[in-house]
Engineer: 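Can you keep this structure in mind? I'll have questions shortly.
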Amino acid sequence: MLRIAALCLLLTIAGQTRAQEASPAPEGALYYTMTPDIITNYQHSGDQLGYIRVAVELMLERPEQMPLVERHMPLLRDAISSLLAEKNQQEIRSLAARTELASEGQRRLNDLLLKETGEAPIRRLLFTNFLYQ
C-alpha cells in the first residue's frame, strides 16, 4: 500500500515537472490591448469639433513590464487622448500623419513612464482601429 502511494506521488510530481517544461515563458515582444477604446474630440474645421475613436495596442519588450503598464494605464490613456485632441482634421485623416501620430504617441508614453518608473517599455504603439467623423 505504501509503495502504491509513493508511486502515485512520484507520477504526480513528474507530470507537474513536464508541464512546467512544456510551457516556457514567452520570448520576444508581447502586446497589451488598451480597453476600452479611446474616444475624444479633435479640431474638425473652424469652431467645429470632430469625433475620433481609436483602439490602441502597445508592443512591450518583456512580459515583466506588463504590470508596470497596467499600473499607469490612466496616465497613458490621458496622454493619448490629449495627443489626439491636439490634432486638426488634416492630421487625423492623413495616413502619413497617422503613422507619425503613432510614433509621437509612443515617445510621449515612454517619456511619461520614464519619469514615473525609470523605464521606457513601449517598443511600438499601434492603432488597430481608427474611426473619425
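Below, all heavy atoms of this structure are taken into account, side chains as well, without hydrogens, waters or symmetry copies. For clarity, every value in this text was computed on a predicted model and none was experimentally measured.
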Engineer: Return all side-chain donor-acceptor pairs below 3.5 angstrom for residues 69-79, not counting sequence neighbours, or 'none' if the list is empty.
Structural biologist:
unit_1 : atom_1 : unit_2 : atom_2 : d
His72  : ND1    : Leu68  : O      : 3.0
Arg77  : NH1    : Pro36  : O      : 2.7
Arg77  : NH2    : Pro36  : O      : 3.1
Arg77  : NH2    : Asp37  : O      : 3.4

Engineer: Quick one: does Glu91's side chain have a donor or acceptor within less than 3.5 Å of a partner on Asn88's backbone?
Structural biologist: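 Yes; judged by distance alone, with no hydrogens or angles, the pair exists.
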
Engineer: Got a sec, which pairs hit salt bridge (charged side-chain N to carboxylate O under 4.0 Å, His left out) with one end in residues 120-133, sequence neighbours left out?
Structural biologist: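 Matches after skipping sequence neighbours: Glu61-Arg123.
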
Engineer: So Asn110 and Pro121, do their side chains get closer than 4.5 Å, heavy atoms only?
Structural biologist: yes

Engineer: Can you find a heavy atom in the side chain of Leu60 that is under 4.5 Å from one in the side chain of Ile122?
Structural biologist: yes

Engineer: Answer whether the closest heavy-atom distance between the side chains of Phe130 and Leu101 falls below 4.5 Å.
Structural biologist: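 They are in contact (side-chain heavy atoms under 4.5 Å apart), so the answer is yes.
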
Engineer: If you look at every heavy atom in Ala120 and Leu114, which pair is closest and at what distance?
Structural biologist: N-CD1, 4.2 Å

Engineer: Check Arg93 against Arg98 and note the closest heavy-atom contact, atom names and distance.
Structural biologist: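 Closest heavy-atom pair between Arg93 and Arg98: O-NH2, 3.7 Å.
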
Engineer: In terms of hydrophobic clusters joined by side-chain contacts under 4.5 Å, are Leu30 and Phe127 together?
Structural biologist: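 Cluster IDs for Leu30 and Phe127 match.
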
Engineer: State plainly whether one hydrophobic cluster holds both Met66 and Leu113, where clusters connect Ile, Leu, Val, Met, Phe, Trp and Tyr through side-chain heavy atoms under 4.5 angstrom apart.
Structural biologist: yes

Engineer: Under a single-linkage definition using a 4.5 Å side-chain heavy-atom cutoff for Ile, Leu, Val, Met, Phe, Trp and Tyr, are Met59 and Ile80 assigned to the same hydrophobic cluster?
Structural biologist: no

Engineer: Per the side chain to side chain contact (heavy atoms under 4.5 Å, CB included) rule, which among Asn129, Thr33, Leu125, Leu126 passes with Val56?
Structural biologist: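 Among Asn129, Thr33, Leu125, Leu126, the one meeting side chain to side chain contact (heavy atoms under 4.5 Å, CB included) with Val56 is Leu125.
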
Engineer: Minimum heavy-atom separation for Tyr42 and Ile52, please, with both atom names.
Structural biologist: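 Nearest pair, atom of Tyr42 first, then Ile52: CD2-CB, 4.0 Å.
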
